[in-house]
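Below is one structure; the comments refer to it alone.
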Amino acid sequence: MVEISKQTAADDAAIETLMGEAFGPARYSRSVWLLRSGPPISDLCLVLRQSDTMLASLRFWEVRLEQQTVLLLGPLAVQPDLRGQGYGQQIVKEGLARAKAMGKWPLVLVSGEPDYYPKFGFVPAASYQLDWPGFVEPERLQFLELQQGALAALRPPLRVRAVNA
Ligand SMILES: CC(C)(COP(=O)(O)OP(=O)(O)OC[C@H]1O[C@@H](n2cnc3c(N)ncnc32)[C@H](O)[C@@H]1OP(=O)(O)O)[C@@H](O)C(=O)NCCC(=O)NCCS
């Protein structure tokens, strides 16, 4: 039986090990970490467990998109030997549903695999001319609307920065 719940401090070490395996030792030097300056949104820090074993982890941070505050999805990782069994999709769907229900954010932004996120409703962000803090492959940037009309209201180009930058 798989269950998705909020992370606790007791999960931190296992999550750090999982993220190290998934993204490598240099992960904190990637430009996306310049946007994760404060703590993540604790209500959206989730783990997927089976029989007390953590199989997947997902976190979200708030970031500034010009004057708006939006959500940044990630990091997301599934235990290496359990990938391709739907756990990634389950935890992402749950995280996005919780984010939408909280009603605080118009949009979610992700820097992720261009082929993985469209199944959740993400669309390419290239046409919004995002000014990202550092190097990123533009095709990785994708948006999801949590509030109808949020994408249509955007006026490119748009600066993406940490909330306290
Ligand atoms: C990416 C990741 C989270 C996906 O989780 P998962 O549990 O393996 O994926 P799921 O079983 O939910 O989904 C499988 C589907 O996603 C696709 N998929 C899996 N990894 C993918 C990737 N890196 N890029 C594109 N598609 C991917 C599969 O082809 C499959 O497609 P289908 O449903 O059409 O058959 C997982 O592979 C992982 O932890 N990877 C290492 C860390 C990482 O890359 N994190 C995300 C970066 S954006």
Side-chain angles (χ1 to χ4, degrees), residues 4-50 53-66 68-96 98-99 105 107-120 122-144 156-165:
I4 296 174
S5 55
K6 279 175 61 173
Q7 297 174 4
T8 72
D11 296 312
D12 283 350
I15 292 169
E16 195 60 18
T17 301
L18 174 60
M19 295 301 161
E21 188 286 330
F23 299 103
R27 61 194 179 282
Y28 293 117
S29 63
R30 294 169 57 166
S31 62
V32 69
W33 280 99
L34 295 171
L35 296 169
R36 295 176 179 142
S37 53
I41 307 298
S42 60
D43 283 339
L44 298 177
C45 289
L46 303 178
V47 280
L48 185 151
R49 288 182 227 274
Q50 189 166 38
T53 304
M54 197 262 293
L55 309 188
S57 169
L58 173 64
R59 288 175 173 168
F60 290 81
W61 267 258
E62 285 183 326
V63 295
R64 255 190 321 109
L65 179 70
E66 293 291 342
Q68 298 189 80
T69 303
V70 303
L71 281 178
L72 179 71
L73 184 156
L76 160 71
V78 174
Q79 296 288 0
D81 51 339
L82 295 170
R83 290 176 190 163
Q85 298 182 37
Y87 297 129
Q89 292 187 54
Q90 280 185 54
I91 198 168
V92 169
K93 281 185 184 162
E94 180 67 22
L96 293 173
R98 291 186 189 204
W105 306 281
L107 292 163
V108 183
L109 179 59
V110 70
S111 167
E113 298 292 342
D115 295 342
Y116 189 68
Y117 289 94
K119 59 171 76 68
F120 306 107
F122 282 84
V123 295
S127 61
Y128 299 98
Q129 300 168 48
L130 300 187
D131 170 3
W132 187 262
F135 174 78
V136 69
E137 294 158 27
E139 64 273 16
R140 290 178 64 85
L141 301 180
Q142 300 162 70
F143 273 129
L144 174 74
L158 297 159
R159 272 165 64 96
V160 185
R161 292 293 182 268
V163 280
N164 55 4

Rounded to the nearest 0.5 Å, what's the gap from [atom1] on [X] to [atom2] on [Y]? Could you check?
X      : Y      : atom1 : atom2 : result
Leu58  : Cys45  : CG    : SG    : 8.0 Å
Leu72  : Arg59  : CG    : CZ    : 13.5 Å
Tyr28  : Arg36  : OH    : CZ    : 9.5 Å
Glu113 : Glu137 : CD    : CD    : 9.0 Å
Lys6   : Leu44  : NZ    : CG    : 9.0 Å
Arg161 : Leu65  : CZ    : CG    : 11.0 Å

Report yes if some heavy atom in the side chain of [X] is under 4.5 Å from a heavy atom in the side chain of [Y]; otherwise report no.
X      : Y      : result
Leu109 : Leu35  : no
Arg98  : Asp43  : no
Trp33  : Trp61  : yes
Ile91  : Leu55  : no
Glu139 : Pro124 : no
Thr17  : Met54  : no
Gln142 : Pro118 : yes
Val136 : Ser31  : yes

Not counting sequence neighbours, which residues clear side-chain hydrogen bond (donor to acceptor under 3.5 Å, both in side chains) with Arg30? List them please.
-> none
Can you name the residues that form a side-chain hydrogen bond (donor to acceptor under 3.5 Å, both in side chains) with Arg27, not counting sequence neighbours?
-> Glu16
Can you name the side chain to side chain contact (heavy atoms under 4.5 Å, CB included) partners of Ser37, sequence neighbours left out?
-> Ala162, Asn164
Looking at Val70, Leu144, Thr69, which hits side-chain contact (heavy atoms from CB on, under 4.5 Å) with Leu107?
-> Val70
Between [X] and [Y], what is the shortest heavy-atom contact and its length?
X     : Y     : value
Met19 : Pro75 : SD-CB, 3.8 Å
Pro80 : Leu18 : CD-CD1, 4.3 Å
Val78 : Arg83 : O-NE, 2.8 Å

Checking ring-ring contact (aromatic ring centres under 6.0 Å, His included) against Phe143, which of Phe120, Tyr117, Tyr128 comes through?
-> Tyr128
Can you check side-chain contact (heavy atoms from CB on, under 4.5 Å) on Phe60 and Leu96, steps first, answer last?
-> CA-CA 10 Å; Phe60 290 81; Leu96 293 173; 4.2 Å; yes
Verdict with reasoning, Phe122 to Val108, per side-chain contact (heavy atoms from CB on, under 4.5 Å) = CA-CA 8 Å; Phe122 282 84; Val108 183; 3.8 Å; yes
Any donor and acceptor pair, going by atom type alone, linking the side chain of Tyr116 with main-chain N or O of Gln89 inside 3.5 Å?
-> yes
Would Arg140 and Val32 count as a side-chain contact (heavy atoms from CB on, under 4.5 Å) if you check the C-alpha gap in whole Å, the side-chain angles of each, and the deciding distance to 0.1 Å?
-> CA-CA 11 Å; Arg140 290 178 64 85; Val32 69; over 6 Å; no
Between Tyr87 and Gln79, is a side-chain contact (heavy atoms from CB on, under 4.5 Å) present by the stated rule, with each step listed?
-> CA-CA 9 Å; Tyr87 297 129; Gln79 296 288 0; over 6 Å; no
